Novice: 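Got a structure for you, written out below as structure tokens; questions coming shortly.
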Amino acid sequence: MNTKIYYTLTDESPFLATQSLLPIVRGFAKAADIDVETKNISLPGRILAAFGKANDDLDFLGKLTLEPDANIIKLPNISASVPQLKAAIAELQKNGFDVPDYPDAPANDEEKAIRAKYDKVKGSAVNPVLRQGNSDRRAPKAVKNYARNNPHSNGNWNTSVKTHVASMQADDFYGNEKSITMADADTFKIEFVNEAGEVTELRAAKPLLKGEIIDATVMRMASLEKFIANAMAEAKAKGLLFSVHLKATMMKVSDPVLFGAFVRVFFKDVFTKYADLFKELGIDANNGLGDLYKRLEGNAKESEVRAAIDAALANGPDLAMVDSAKGVTNLHVPSDVIIDASMPAMIRNSGCMWNKEGKLQEVVACIPDRCYAGIYDETIEFCKQNGAFDPKTMGTVPNVGLMAQGAEEYGSHDKTFVAKGKGVIRAVNSKGEVLLQQNVEAGDIFRMCQAKDAPVRDWVKLAVTRARLSNTPAIFWLDPERAHDREIQKKVEAYLPEHDLNGLDIKIMSPRKAIVETMKRAKAGLDTIGVTGNVMRDYLTDLFPILEVGTSAKMLSIVPLMAGGGLYETGAGGSAPKQVQQFLAENYLRWDSLGEYFALVPAFEQVALKEGNKKAKVLADTLDEANGKILEFNRTPARKIGELDNRGSHFYLALYWSEALAAQKDDAELAKKFAPVAKALAENEQKIVAAFAAEQGKPADIGGYYLPKPELLKKWMRPVAEFNAVIDAL
């Protein structure tokens, strides 16, 4: 019976790339009796599964992660905002799938049930299911060496730069957080108690484990709105761009509401004057300015409202742009302002973002909640004082991230609520005792998080293991001023002595102190492991890779599953929408599959280790060699038409991998099988590469954004018959 590696079908440019890469991977893997089976966790796939129109592949993989032999390659997927979700629904309906509309305001039990199913699909629906282990993420040596030899620019920095981070100083999640560790197993439910003492159950009772940490906090909407107004006034007075940086896809309940507050306050006069019209049209500020424009189309007052919006833009501070040429602002779409992509890009651009004229301008970067804002504040101030980081000399910052079993904020979605009125939201145990509670006013955002004991213990073990294997200092980033982190620190201090720490340099520092220490070391060419929670992991594994190697797409991301298997994650998908736009316009795909190449190596190694499959080990070793050549000879996709794109990079992977297999001495059968493959690809290299290049420059119609048509995908992603013939013969 053949071994299986499960390969995820996702969305946008990673999905397009899969159409070209997967036949190669399957052909090579077959030679070692390994089947590469796909599972669809894309946004449309999840929608169809939610309504019984397709197999629930996410559920299948979630159960698989609890098995010791799980071996999963996970590509970036859409963590859908409501506008993305609605667009995907419309496309499915257009293609004949019987799925209901998304109900903005459910009016009956049927619509509430529909809304509940869609709410499970949107946001970070995938990661909490699959991440049943903690994260080990780092830049492979080959990638780091390539960046040192081919350095990118990190901008020009000095003390005259006015860009800075603006955050709330009170009444945010950070300041209001309460946290406890459970002494015994129990259950908890979440209730709202209004001023009259009436109790409404918000979430039914769910189990709590002994040693589990739970938190409860609240963001006060009135204070948030004052903060936004003050930041706008400051940006206007100082001639700076006004920008917002949130996580409105992964944090699918809280951050869209925060985003909506920015839209409402920026366009306060418009929302006040046209309140009745907006209610009639179902306009929700949480969905952004783009959705507002769409709902206005054809209305008798469309031009009048647009003029009012234009006046607000003219009278307010300059607004950061996502696409200056198309007039797409920082407030158009919540999924366009993802902090882990937007802040590093701004830092690489000398602390600037694009203005409406398409020019770079310094910024007031609004990150309202202080839980993580400080790391960006310190980075900007460090660059002002010390200049830009030099990729030729800077050290590297691997990360060990706590994320197993829905740890911390990414597991908060079903425990986050917008208060309907004044009162108390509380967590109550099985005896009716209050575990945690927060006073709320209408519009406040209440959020609870959990972190189980076993994942924390595993996280500490993984941090010590990585520090030992790489002989690198490690820092636990824990804030003594934050209630949750104090509880985590108690566990870290208890579990560290379970390991041999002799000769290791392991510290616990606040995030602000930790990032300053890490940056000082990186500037001096020294490496430091960041040991962080799951949101910080997300932020740092974009920030440092983008500064170090120019992208976060080339990282090696291994999740050793707590049950014994492996989840191998590929590059970040933050640029995927723009890459699809370019592909549709020019038939040029700049998605870099290097993350997939790197992830496949440990996946094959796992097969070799667990099953004694010697051919799998040869595949892993030769793929590793091929990856080195991809970098050495710069066979990764360029950014512009006329150069090598994703499909051309895949050709070179097949060429270098087959050459390495033909040349190796460990398995004569594999060498014999791949020698003619290597010969055919080498002899036709120029012809095949020229054929790929000839395809560029024309529009590519794939039949849909969320649901492309298979025959069109094959046409555009596998356009060279000579190459296909060699691969398909495997």
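Scope of the values below: all heavy atoms of this structure, side chains included, with no hydrogens, waters or symmetry mates. Since we're looking at a predicted model, the values are computed, not measured.
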Novice: Do the charged groups of K490 and E487 touch, with an N to O distance under 4.0 Å?
Specialist: yes
Novice: Quick one: do K236 and D318 satisfy salt bridge (Lys or Arg N to Asp or Glu O under 4.0 Å)? Show the steps, please.
Specialist: CA-CA 7 Å; K236 186 173 176 78; D318 293 335; over 6 Å; no
Novice: Less than 6.0 angstrom from the centroid, inside 45 degrees of the normal: does R482 satisfy that with respect to the ring of Y174?
Specialist: no
Novice: Mark yes or no for whether K384, through its side chain, and T163, through its backbone, hold a donor-acceptor pair below 3.5 Å.
Specialist: yes
Novice: Quick check: does any side chain N or O of S179 sit under 3.5 Å from a backbone N or O of D215, one acting as donor and the other as acceptor?
Specialist: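 The answer is no, because no donor-acceptor pair under 3.5 Å joins these two groups.
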Novice: Before accepting this row, confirm whether a basic side-chain N of the pair E441/R220 lies closer than 4.0 Å to the acidic partner's carboxylate O.
Specialist: no
Novice: Measure from NZ or CZ of K523 to the centre of the six-membered ring of F389 and say whether it is under 6.0 Å with the direction within 45° of the ring axis.
Specialist: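 Yes.
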Novice: Less than 4.0 Å between a side-chain N and a carboxylate O, is that true for K491 and D453?
Specialist: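 Here D453 pairs with K491 in a salt bridge, since their nearest N and O are under 4.0 Å apart.
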Novice: Is it the case that the side chain of N134 and the backbone of A404 share a donor-acceptor pair, with hydrogens and angles ignored and the cut-off at 3.5 Å?
Specialist: yes
Novice: May I ask you to decide whether E234 forms a salt bridge with K238, counting only side-chain N to carboxylate O separations under 4.0 Å?
Specialist: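 So E234 pairs with K238 through a salt bridge.
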Novice: Is any side-chain N of the basic residue among R137 and E569 closer than 4.0 Å to the acidic one's carboxylate O?
Specialist: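 A salt bridge is absent here (no side-chain N lies under 4.0 Å from a carboxylate O).
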Novice: Return the orientation label for the F242 and F262 ring planes: parallel under 30°, perpendicular over 60°, tilted otherwise.
Specialist: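 Tilted: the ring planes of F242 and F262 meet at 30° to 60°.
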Novice: With a 4.5 Å cut-off on side-chain heavy atoms, are I506 and F476 touching?
Specialist: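 Of all side-chain heavy-atom pairs linking I506 with F476, at least one is under 4.5 Å.
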Novice: Are W477 and Y372 close enough that their ring centers fall under 6.0 Å?
Specialist: no
Novice: Would you say P207 and L209 make side-chain contact, with heavy atoms under 4.5 Å?
Specialist: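 No, too far: nothing below the 4.5 Å cut-off.
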